[in-house]
Number of protein chains: 2
Amino acid sequence: MSLRHAVLAALIQGEASGYELTKRFDVGVANFWHSRPQQLYAELARLHGEGLVRAVEVVQESRPNKRLYSLTDTGTRALVDFAAGPLRPTNLRDELTVAVQCADVVEPGALLAHLGRRADEAREKLAALRRTETSILSGRDEEEFVRTTGHLGPYLTCRRGIRYEADTQEWCEWAAGLIRAKERATRPS
Amino acid sequence: MSLRHAVLAALIQGEASGYELTKRFDVGVANFWHSRPQQLYAELARLHGEGLVRAVEVVQESRPNKRLYSLTDTGTRALVDFAAGPLRPTNLRDELTVAVQCADVVEPGALLAHLGRRADEAREKLAALRRTETSILSGRDEEEFVRTTGHLGPYLTCRRGIRYEADTQEWCEWAAGLIRAKERATRPS
DNA sequence: ACGAGCATGTAAGCAGTTACATGATTCA
DNA sequence: TGAATCATGTAACTGCTTACATGCTCGT
């Protein structure tokens, strides 16, 4: 149960409803924590019950009402304790790479399609993350930013995401290239 | 339950015992699938029961006996079907990045220690993966390799791992640098 | 004498996924 | 008229983790 820390950490970037959090978990947060909406709603309810977040009901017209969650002092302290303690190793599960590992036994067609789709997704995520980066920096260069910001953390994780997605895109295209090269070298014989 | 596909895919690189598989899951496979030893043993037993792998008991002196598992035709077909079908999105959970997201509220000390440790781990994994790469290529350049190999898949995933670990190392060091810079810029004031 | 490596599991519990449920508004 | 967005959940299930268990050999 350390989804709680990911949720609290996501709230550092400002208050959000459950629904808005699912959006954050689709772009920025996706590069360090994966979770389904149902789990987020459940976790937010638990965090609220334990006093780690506060909830403000916002009544909306022409739209369902929503609860805006934000960090309490207790919640912030929980984050501090978490970051000071031992961290679990990275937990990664990527079916695309599993499929690529099978490149020698499966037909190239489906594999190339998967790689192409993933490269496209990476390109889209990159664009979104670059927009986030620009809005975090808001015109400052890196040196000035570091001196003046209160959002160094989100910037660092945003950069991590940008590097990751760029790398993913490159690798997908490179791998597709080699798979095609092998096909050309093998099939005609 | 798609750990099964990761296990089958790992066996493409040759037969292995449960124990040897846990080693593979610590180095190469770790870059696309994470799993604990107990789960591997349980999965291997299930795969054996379903006929997707065969098991050969190897009697050893001065060491406990082991069961060497290898892919059956049915197992290979299961992999082919998997790679042809739809793939789930990447599932990533990384507590280090969660901690870094909190850079503005936590003390830099613990964070810098975490980043340093992770950078060291990345350096070690990189070294191991480079050895794997060398042994896969075995003297051939990339062009020749692609023409002559039956292990393109393992090479592609190995390269993915190399890129990922190199990127991780760089990011950890860069992030630590910015955190220190912010500390210098903020604390003395 | 002690820890690390080899080798394989069981059992209990928690975290995460999948399927299902609801309903209004806005845009094509 | 139908799909997408906003907004929040419940219930059943399964996959994963944690704790525990065993025992031999090799190197320091």
Side-chain angles (χ1 to χ4, degrees), chain A residues 1-8 15-27 29-30 32-50 53 55-69 82 86-95 98, chain B residues 1-8 15-27 29-30 32-50 53 55-69 85-95 98:
Chain A
M1 208 198 349
S2 39
L3 164 62
R4 57 191 317 106
H5 301 122
V7 170
L8 294 171
E15 57 177 13
S17 67
Y19 186 81
E20 285 159 2
L21 265 185
T22 65
K23 300 283 146 186
R24 276 188 210 172
F25 269 73
D26 275 344
V27 273
V29 182
F32 56 92
W33 208 272
H34 162 90
S35 179
R36 308 261 161 200
Q38 297 94 320
Q39 221 193 331
L40 287 181
Y41 283 111
E43 193 61 47
L44 282 167
R46 240 175 279 135
L47 289 168
H48 187 229
E50 295 172 35
V53 298
V56 178
E57 189 86 25
V58 176
V59 180
Q60 297 182 116
E61 288 162 22
S62 85
R63 223 164 252 209
N65 296 347
K66 61 179 173 183
R67 247 157 293 138
L68 276 182
Y69 293 98
F82 162 76
L87 303 176
R88 268 173 240 160
T90 304
N91 180 329
L92 171 62
R93 297 191 173 97
D94 183 11
E95 294 198 344
V98 175
Chain B
M1 204 190 1
S2 39
L3 164 63
R4 58 194 314 108
H5 300 122
V7 170
L8 295 171
E15 56 176 12
S17 68
Y19 187 81
E20 285 159 1
L21 265 185
T22 65
K23 300 282 145 188
R24 274 187 212 175
F25 269 73
D26 275 346
V27 274
V29 182
F32 57 90
W33 208 272
H34 162 90
S35 178
R36 307 264 162 197
Q38 296 94 323
Q39 220 194 331
L40 287 181
Y41 283 111
E43 193 62 46
L44 282 167
R46 239 175 283 135
L47 289 169
H48 186 228
E50 295 173 34
V53 298
V56 179
E57 190 87 24
V58 176
V59 180
Q60 295 182 117
E61 289 162 25
S62 84
R63 220 163 254 208
N65 295 346
K66 62 179 175 184
R67 245 158 293 136
L68 277 182
Y69 293 98
L87 303 176
R88 268 174 238 160
T90 304
N91 180 330
L92 170 62
R93 296 192 173 96
D94 183 11
E95 294 199 344
V98 175

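Here the structure is a predicted model, which is why all the values come from computation and not from measurement. Every chain is numbered from 1 and lettered A, B, ... according to where its sequence line falls, protein lines coming before strand lines.
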- line: From CD of A/E57 across to C1' of D/dT8 the rounded distance in Å is 11 Å
query: What's the closest nucleotide to the A/K23 side chain, out of D/dA19, D/dT17, D/dC6?
result: D/dC6
- request: Kindly say if A/R93 contacts the phosphate of D/dC16, meaning a side-chain N or O under 4.0 Å from OP1 or OP2.
  value: yes
Spacing of B/E61 atom CD relative to D/dT25 atom C1', expressed in whole Å: 13 Å
Phosphate OP1/OP2 of D/dT17 contacted by B/Q39 side-chain N/O (<4.0 Å): yes
- prompt: When we call it a touch if two heavy atoms are under 4.0 Å apart, what does B/R88 touch: a base, just sugar-phosphate, or nothing?
  reply: sugar-phosphate
task: Might you work through the side chain to side chain contact (heavy atoms under 4.5 Å, CB included) test for B/F25 and B/R36, ending with a clear yes or no?
output: CA-CA 9 Å; B/F25 269 73; B/R36 307 264 162 197; over 6 Å; no
field: Atom-to-atom span, NE2 of B/H34 to C1' of D/dT17 - whole angstrom
entry: 8 Å
statement: Min and max contacting nt of DNA chain C in 5' to 3' order, chain A heavy atoms within under 4.0 angstrom, are C/dA15 to C/dT26
- request: For A/Q60, answer base if it contacts any base atom (sugar-phosphate contacts may also be present), sugar-phosphate if it contacts only those atoms, and nothing otherwise; contact means non-hydrogen atoms under 4.0 Å.
  value: sugar-phosphate
field: Residue pair B/A16 / B/L68: nearest heavy atoms and the distance that separates them
entry: C-CD2, 3.6 Å
- line: Contacts of B/R67 and A/E43 projected onto DNA chain C by closest heavy atom; the upstream (5') one is B/R67
- line: Between A/L3 and A/R63, the residue closer to the 5' end of DNA chain C by nearest nucleotide is A/L3
query: Shortest non-hydrogen contact from B/W33 to B/S2?
result: CH2-OG, 3.7 Å
statement: note: A/R24, atom CZ; D/dA7, atom P; distance rounded to Å ~ 13 Å
- line: So CZ of A/R4 and CG of A/L44: to nearest 0.5 Å the spacing works out to 11.0 Å
query: Taking all non-hydrogen atoms of both residues, which atom of A/V53 and which atom of A/H48 are closest, and how far apart?
result: O-CD2, 3.4 Å
Point-to-point distance, once rounded to the nearest 0.5 Å, from CZ of A/F32 to OG1 of A/T90: 12.5 Å
query: Which atoms form the tightest heavy-atom contact between B/N65 and B/Q60, and what is the distance?
result: OD1-N, 2.9 Å
Spacing between A/Y41 atom OH and D/dT10 atom P, to the nearest angstrom: 12 Å
- request: Nearest whole angstrom, please: distance from the P of D/dC24 to the OH of B/Y19.
  value: 17 Å
query: When we call it a touch if two heavy atoms are under 4.0 Å apart, what does A/R46 touch: a base, just sugar-phosphate, or nothing?
result: nothing
